[in-house]
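Single-structure report; data block below.
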Amino acid sequence: APTIAMKVGGKLMLGGSANYYYSEARLDRMLDMGLLAGAPSAMDVESKLEGDGSTWGFNLGAIYDVNAKHRVAVMYHHPYSVDYDGELEVGGVPGGVEATVDFPMSVVVAYAYRPTEKLTLEVDLDWTDWDETGDIEVRPETAGLSDVAPEQHPQPTLPYQVGAQYQYSQALAPRGG
């Protein structure tokens, strides 16, 4: 990913990157075609969906050195959508398909404490805005099959992470968390 970073003054660092995302997707499942005819479970058929897609996105970040022992950082990951093109086979009948999958925005806030020259302790909060992602839209190109967008109700998440690093030597810095 092309990245640019710069130091502003003696304590602030700013950065950003452009990201290219390429994705391949495959979904194998059984479909209840009997449900369409009013006879649920009477005619289950195998379906296979394969496709790929790509898009661009970006990240922005900042790190502020409060002093030699304390550092704070923030990172913004911009949301993006991937439009997939591929093949859908239902009951052995092939056809084309398009699908769209949204990926969420996230913001990470981090704090690092360096009690000694070699030891760094860190805690991160990582907010991901899942409720702003749309439903996964699948658009078959096969006659008789309708578009599908299963309703989803994702909720934002706010996990935390803690970790430590010990700079044993120039070549060795074990980490855990």
Side-chain angles (χ1 to χ4, degrees), residues 1-29 48-86 97-138 148-177:
T3 303
I4 187 167
M6 64 180 170
K7 198 163 191 172
V8 180
K11 296 185 174 216
L12 179 64
M13 292 172 276
L14 302 174
S17 66
N19 302 305
Y20 178 74
Y21 301 101
Y22 173 78
S23 175
E24 295 179 356
R26 179 185 170 114
L27 176 63
D28 296 323
R29 64 187 302 183
K48 294 180 182 180
L49 184 149
E50 290 185 355
D52 64 351
S54 61
T55 193
W56 285 90
F58 68 90
N59 298 323
L60 300 173
I63 299 172
Y64 183 74
D65 287 323
V66 177
N67 58 39
K69 292 189 179 272
H70 301 275
R71 174 183 272 188
V72 292
V74 64
M75 190 274 300
Y76 170 77
H77 183 85
H78 190 70
Y80 61 95
S81 297
V82 176
D83 292 320
Y84 293 88
D85 289 310
V97 68
E98 295 177 345
T100 302
V101 178
D102 297 327
F103 293 86
M105 171 187 69
S106 65
V107 176
V108 177
V109 177
Y111 167 73
Y113 173 59
R114 201 167 170 195
T116 70
E117 184 74 23
K118 294 183 178 244
L119 178 64
T120 303
L121 306 172
E122 185 174 322
V123 62
D124 298 351
L125 289 174
D126 184 348
W127 177 69
T128 303
D129 194 14
W130 288 105
D131 63 348
E132 290 299 318
T133 58
D135 296 330
I136 297 173
E137 302 168 23
V138 178
V148 178
E151 210 172 296
Q152 303 176 73
H153 302 285
Q155 299 297 313
T157 58
L158 184 64
Y160 65 91
Q161 302 164 357
V162 294
Q165 173 179 305
Y166 186 78
Q167 190 72 44
Y168 184 75
S169 68
Q170 256 324 67
L172 180 63
R175 297 177 183 163

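Sequence positions, counted from 1, serve as the residue numbers for this chain.
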Which heavy atom in [X] sits nearest to a heavy atom in [Y], and how many Å separate them?
X      : Y      : value
Val82  : Ser54  : CG1-N, 3.9 Å
Pro115 : Lys69  : O-NZ, 2.9 Å
Gln155 : Trp130 : O-CB, 3.3 Å
Glu122 : Ala110 : OE2-CB, 4.0 Å
Gln167 : Ala173 : OE1-CB, 3.5 Å

For the [atom1] atom of [X] and the [atom2] atom of [Y], what is their distance to the nearest 0.5 Å?
X      : Y      : atom1 : atom2 : answer
Arg26  : Asp52  : CZ    : CG    : 14.0 Å
Asp83  : Glu137 : CG    : CD    : 8.5 Å
Leu121 : Thr116 : CG    : OG1   : 8.5 Å
Asp28  : Glu50  : CG    : CD    : 7.5 Å

Q) Between Pro159, Pro104, Pro156, which is the residue that forms a side-chain contact (heavy atoms from CB on, under 4.5 Å) with Trp127? A)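 Considering Pro159, Pro104, Pro156, a side-chain contact (heavy atoms from CB on, under 4.5 Å) with Trp127 is found only for Pro156.
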
Q: Using the test side chain to side chain donor-acceptor pair (under 3.5 Å), find all partners of Tyr166 that sit at least two apart in sequence or belong to another chain.
A: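 So Tyr166 forms no side chain to side chain donor-acceptor pair (under 3.5 Å) with any residue.
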
Q.
Once side chain to side chain donor-acceptor pair (under 3.5 Å) is applied, do any residues pair with Ser23, and if so which ones, sequence neighbours excluded?
A.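 If we apply the side chain to side chain donor-acceptor pair (under 3.5 Å) test to Ser23, skipping adjacent residues, the hits are Tyr84.
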
Q. Between Asp65 and Arg71, is there a salt bridge with N-O shorter than 4.0 Å?
A.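 Salt bridge present between Arg71 and Asp65.
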
Q: State, with a plain yes or no, whether a side-chain heavy atom of Thr133 is found less than 4.5 Å away from one of Pro154.
A: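 Yes, side chains in contact.
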
Q: Answer whether the closest heavy-atom distance between the side chains of Leu125 and Leu158 falls below 4.5 Å.
A: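 Side chain of Leu125 against side chain of Leu158, heavy atoms only: contact under 4.5 Å found.
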
Taking everything shown except [X] itself, do over 12 heavy atoms lie less than 6.0 Å from its [atom1]?
X      : atom1 : value
Leu172 : CG    : yes
Tyr160 : OH    : no
Tyr22  : OH    : yes

Q.
Ignoring hydrogens and geometry beyond distance, is a side-chain donor-acceptor pair present between Tyr76 and His78 at under 3.5 Å?
A.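 Per modelled atom types, Tyr76 and His78 side chains form a pair under 3.5 Å.
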
(Q) Could you walk me through whether Asp126 and Ser106 satisfy the side chain to side chain contact (heavy atoms under 4.5 Å, CB included) test, starting with their C-alpha distance in whole Å, then the side-chain angles of each, then the deciding distance to 0.1 Å, before giving a yes or no? (A) CA-CA 7 Å; Asp126 184 348; Ser106 65; 4.0 Å; yes

Q: Anything under 30° is parallel, anything over 60° is perpendicular, the rest tilted; go ahead and classify Tyr21 against His77.
A: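 Rings of Tyr21 and His77: perpendicular, over 60°.
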
